[in-house]
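Notes to accompany the following structure.
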Amino acid sequence: ERVAHQQQAAALTAEVARQEEGNRRLSSALEDAGVAASRLEAERRDLQVELTAANAKAEAAAAEAAQLRRSAAAEAARLEREVGLLQKQKGKLERDAAELAAQVKAARAETAAEVAKAHAEREAMAGRLSRLREQEAELATSTAKLLFAEEAMERELTCMSCLNVFDDPVTLIPCGHVYCRGCDEAYTPHCQECDDAPERTVPNSRLETLGGKVIFIKKAVAALKAMAEGSA
Ligand SMILES: [Zn+2]
Ligand SMILES: [Zn+2]
């Protein structure tokens with residue numbers, strides 16, 4: 001019985017020792033677990049901090065994105081307005097350009113018409129000038145002829161004493177020569193042209209009239225000549 005007790009005691013002691021060994025291992029494991037837990041806790045806190053920072057960054061990024069979207073929308077609206085304005089300006093410019101082109105075309109047509117008109121006027125003027133020159137030449141010719149005729153007439157109606165156109169002419173009878181009544185020294189007592197002694201004198205009203213006419217013609221021809229020379 002005592003042996004049995006001793007064996008029992010030894011078995012218990014061994015059991016206790018095993019349990020103690022197990023307790024030590026458990027305690028060691030617990031300690032390890034505590035260390036691991038506190039390390040995990042520290043990591044969790046770090047992660048929490050990181051998460052918070054990441055969240056803040058994400059919020060900031062979202063806010064920035066929203067801001068960007070708003071400013072992009074505002075920019076798009078502004079650009080749309082500008083495009084609208086530019087389209088209006090473009091339309092106006094196109095209308096202005098078309099109007100200007102029409103004006104240029106009209107001005108060109110007007111210029112061409114004026115050039116044609118000026119050309120026609122110049123030709124008409126040239127025609128008129130050449131007709132005028134012909135008329136001038138005719139006038140000069142007629143004037144020369146008239147002058148010649150007038151000089152011939154004047155010679156016929158010139159008193160051989162005073163060499164002027166007869167003034168109150170008288171015809172000597174019987175020789176028939178004619179002098180001015182006042183040029184009596186040419187026919188008293190003898191006619192200076194034929195040396196005859198005139199019996200009497202008679203007034204020559206026909207030559208008197210012609211003399212007046214030739215003086216008038218002489219003045220008219222002189223005026224005509226001056227005119228022809230002035231316009232030449
Ligand atoms: Zn005379
Ligand atoms: Zn005579």
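Order of listing sets the numbers, starting from 1, for every ligand and every atom in it.
- For Glu75, the CD atom is densely surrounded, since the number of other residues' heavy atoms within 6.0 Å is greater than 12.
- Few gaps surround CD on Gln6; more than 12 heavy atoms of other groups in view lie less than 6.0 Å from it.
- Closest N/O/S atom of His177 to the Zn ion (ligand 2): ND1.
- Vertex the Zn ion (ligand 1); arms to Cys162 SG and Cys183 SG; angle rounded to 10 degrees, 110°.
- Between Arg155 and Glu151, no side-chain nitrogen of the basic residue sits less than 4.0 Å from a carboxylate oxygen of the acidic one, so the salt-bridge criterion is not met.
- A donor-acceptor contact shorter than 3.5 Å is absent between the side chain of Ser28 and the backbone of Arg24.
- One finds an angle of 100° at the Zn ion (ligand 2) between SG on Cys175 and SG on Cys194, to the nearest 10 degrees.
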